[in-house]
Asks: 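Take a look at the following structure, please.
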Amino acid sequence: MSDPSRDIRVGDTERQQALQVLGEHMSAGRIDIDEYGDRSAKITTAKTRGELMALFYDLPDPRPQFVAPMAMYPEQAKAPARRWEGSVVPVVGIAVVLAFFFVVKNPLIFVLIPVVALLWGQWNGRRR
């Protein structure tokens with residue numbers, strides 16, 4: 001059975017790391033400049049981890065290191081939605097404060113309305 005992680009596509013970061021490791025092998029005298037040129041050209045066109053690792057089959061460590069692959073399906077990678085704990089308390093608190101200012105008819109209410117709207121928007125954003 002083949003390793004499914006070999007089929008994972010690589011990006012520029014992985015290619016850059018492979019080029020750096022290949023340069024270390026050239027500096028150590030394990031490959032010459034012509035072989036470095038051939039392998040580096042193949043690294044820049046590699047599409048999968050398997051294609052990159054095949055270029056290091058006859059070389060000792062170091063070898064390119066890859067981060068662990070993400071979950072195979074996007075629904076597995078999603079973080080669970082978090083609910084804001086104690087969500088009733090802020091709503092009740094805001095309602096009491098607004099009621100107080102409406103009763104007293106303080107002009108400060110016009111300053112508090114935008115603040116309450118911002119807080120309400122942030123609270124609703126956390127629920128999603």
Asks: Suppose the criterion is side chain to side chain donor-acceptor pair (under 3.5 Å): which pairs have a residue in residues 13-22, not counting sequence neighbours?
Replies: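 Passing the test, one end in residues 13-22: Asp12-Arg15.
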Asks: Minimum heavy-atom separation for Leu55 to Leu59, with atom names?
Replies: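 Closest approach of Leu55 to Leu59: O-CD1, 4.2 Å.
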Asks: Can you list the other members of the hydrophobic cluster that holds Tyr57, where links are side-chain heavy atoms under 4.5 angstrom apart?
Replies: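 In the cluster with Tyr57 there is nothing else; it is isolated.
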Asks: Do you know the tightest heavy-atom contact between Phe56 and Pro64?
Replies: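 Heavy-atom minimum between the residues: CE1-CG, 3.6 Å.
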Asks: With rounding to the nearest 0.5 angstrom, report the CZ to CZ distance, Arg9 to Arg49.
Replies: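 With rounding to 0.5 Å, CZ (Arg9) is 13.0 Å from CZ (Arg49).
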Asks: So which atom in Phe66 and which in Met53 form the shortest heavy-atom distance, rounded to 0.1 Å?
Replies: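 In terms of heavy atoms, the two residues are closest at CE1-SD, 3.6 Å.
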Asks: So which heavy atom on Leu19 is nearest to which on Tyr36, and how close?
Replies: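 For Leu19 and Tyr36, the tightest heavy-atom pair comes out as O-OH, 4.1 Å.
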Asks: Which heavy atom of Leu52 sits nearest to which heavy atom of Ile43, and what is that distance?
Replies: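 That would be CD2-CG2, 3.8 Å.
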Asks: Going by salt bridge (charged side-chain N to carboxylate O under 4.0 Å, His left out), name the pairs with one or both residues in residues 19-37, residues two or more places apart or in two chains.
Replies: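 Only Glu35-Arg39 qualify under salt bridge (charged side-chain N to carboxylate O under 4.0 Å, His left out).
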